Enquirer: 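Pasting a structure below so you can have a look.
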Amino acid sequence: MLYIFDDDKALIEIIPDRVVINDPKHETLVPPVSGLYEPIRFDMVNQTWFGITKDEFMKNHPSEQIVPNDTDRVMAQLTLQAAQQKVTQDKLNAQVLLEIAQLKEGGNN
C-alpha cells in the first residue's frame, strides 16, 4: 500500500495496490497509525505519521459528529488486511530461515 503526501507532508491519497515508491519526496510505504485526525502529516525524518487526537479534533469541531464515510471504512479494512498479511509473511519468513539453519546444521555433521 502506498501513501502519497503533498509538499506540506499532508496525506492526500492512498493507493492500495502499489508497493513501489517512485517519488520519495511525496510517497511512503509507512502506514498511518489509527487514532489520528486531520490534518494527518508525514514526518520524513522519523518516518512516522502524526495528526491531532480525537479530543483535540472535538475541541476544534464541537458540533461535528465523526462518522466514517465508505472510503474511510474501505481504507481501514485494507490497512488492517495489509497489516495482517505482513504479520503472516514475517512469520513464514522466520520459519523458512529457521528451517534453512536447521538443514545447514544437519549437513555439517
Side-chain angles (χ1 to χ4, degrees):
M1 203 172 299
L2 183 78
Y3 303 88
I4 301 175
F5 47 90
D6 61 19
D7 288 336
D8 293 327
K9 308 300 183 242
L11 179 64
I12 56 172
E13 186 176 359
I14 300 172
I15 303 177
D17 59 346
R18 203 168 125 208
V19 294
V20 176
I21 294 175
N22 294 328
D23 179 5
K25 292 183 180 181
H26 296 99
E27 299 173 352
T28 184
L29 298 174
V30 176
V33 297
S34 63
L36 298 178
Y37 290 81
E38 293 195 8
I40 299 172
R41 298 201 184 314
F42 190 66
D43 179 342
M44 295 283 290
V45 174
N46 295 312
Q47 294 291 297
T48 58
W49 291 94
F50 62 95
I52 62 174
T53 65
K54 180 180 179 181
D55 291 338
E56 289 173 305
F57 182 87
M58 294 307 289
K59 183 177 171 183
N60 295 332
H61 304 88
S63 62
E64 294 184 36
Q65 183 180 12
I66 302 169
V67 178
N69 61 31
D70 289 341
T71 302
D72 292 337
R73 284 190 284 277
V74 169
M75 293 314 301
Q77 183 63 36
L78 287 172
T79 301
L80 178 61
Q81 288 174 354
Q84 290 170 335
Q85 288 174 345
K86 172 106 173 77
V87 167
T88 301
Q89 186 63 47
D90 288 348
K91 286 179 182 176
L92 289 172
N93 287 345
Q95 183 178 0
V96 167
L97 290 173
L98 178 61
E99 289 175 9
I100 289 171
Q102 289 171 345
L103 287 171
K104 285 182 178 180
E105 285 178 12
N108 290 335
N109 292 335

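It should be emphasised that the depicted structure is a prediction, and the values quoted were computed from it without experimental measurement.
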Enquirer: Spell out, yes or no, whether Ile15 and Ile12 are grouped together once hydrophobic residues are joined by side-chain heavy atoms under 4.5 Å, including indirect joins.
Expert: yes

Enquirer: Is there side-chain contact between Thr48 and Val30, with at least one heavy-atom pair below 4.5 Å?
Expert: no

Enquirer: Please tell me if the side chains of Asp43 and Lys9 come closer than 4.5 Å, counting only heavy atoms from C-beta onward.
Expert: no

Enquirer: If only atom types and distance count, is the side chain of Asp8 paired as donor or acceptor with the main-chain N or O of Ala10 below 3.5 Å?
Expert: no

Enquirer: Among the clusters formed by ILVMFWY side chains lying less than 4.5 Å apart, do Val33 and Tyr37 turn up in the same one?
Expert: no

Enquirer: So, taking the atom named NZ in Lys86 and the one named CG in Leu29, what distance separates them when rounded to the nearest 0.5 Å?
Expert: 10.5 Å

Enquirer: Would a hydrophobic clustering, with Ile, Leu, Val, Met, Phe, Trp and Tyr connected at side-chain separations under 4.5 Å, put Phe42 with Met75?
Expert: yes

Enquirer: For the residue pair Thr28 and Ile21, what are the closest heavy atoms and their distance?
Expert: CA-CD1, 4.0 Å

Enquirer: A side-chain contact here means heavy atoms from C-beta on lying under 4.5 Å apart; do Leu36 and Ile52 qualify?
Expert: no

Enquirer: Testing the 3.5 Å rule here: is there a donor-acceptor pair between the side chains of Glu56 and Asn60?
Expert: no

Enquirer: Taking side chain as C-beta onward, heavy atoms only, is Asp55 less than 4.5 Å from Lys59?
Expert: no

Enquirer: Taking C-beta and beyond as the side chain, do Trp49 and Tyr3 meet within less than 4.5 Å on heavy atoms?
Expert: yes

Enquirer: Just by distance, no angles: are the side chains of Asp90 and Asn93 close enough, under 3.5 Å, to form a donor-acceptor pair?
Expert: no

Enquirer: Measure the spacing between CG of Leu11 and CZ of Arg41 and express it to the nearest 0.5 Å.
Expert: 10.5 Å

Enquirer: Are Lys91 and Gln95 packed together at the side-chain level, in the sense that at least one heavy-atom pair is separated by less than 4.5 angstrom?
Expert: no

Enquirer: Could you check whether any side-chain heavy atom of Ile14 comes within less than 4.5 Å of a side-chain heavy atom of Ile4, counting everything from C-beta outward?
Expert: no

Enquirer: Please work out which of the three classes, parallel, tilted or perpendicular, describes the rings of His26 and Phe5, given edges at 30° and 60°.
Expert: tilted

Enquirer: So Leu78 and Met1, do their side chains get closer than 4.5 Å, heavy atoms only?
Expert: yes

Enquirer: Just wondering, more than 12 heavy atoms not from Gln47 lying within 6.0 Å of its CD?
Expert: yes

Enquirer: Can you name the closest pair of heavy atoms from Val20 and Leu2 and give their distance?
Expert: O-CD1, 4.0 Å

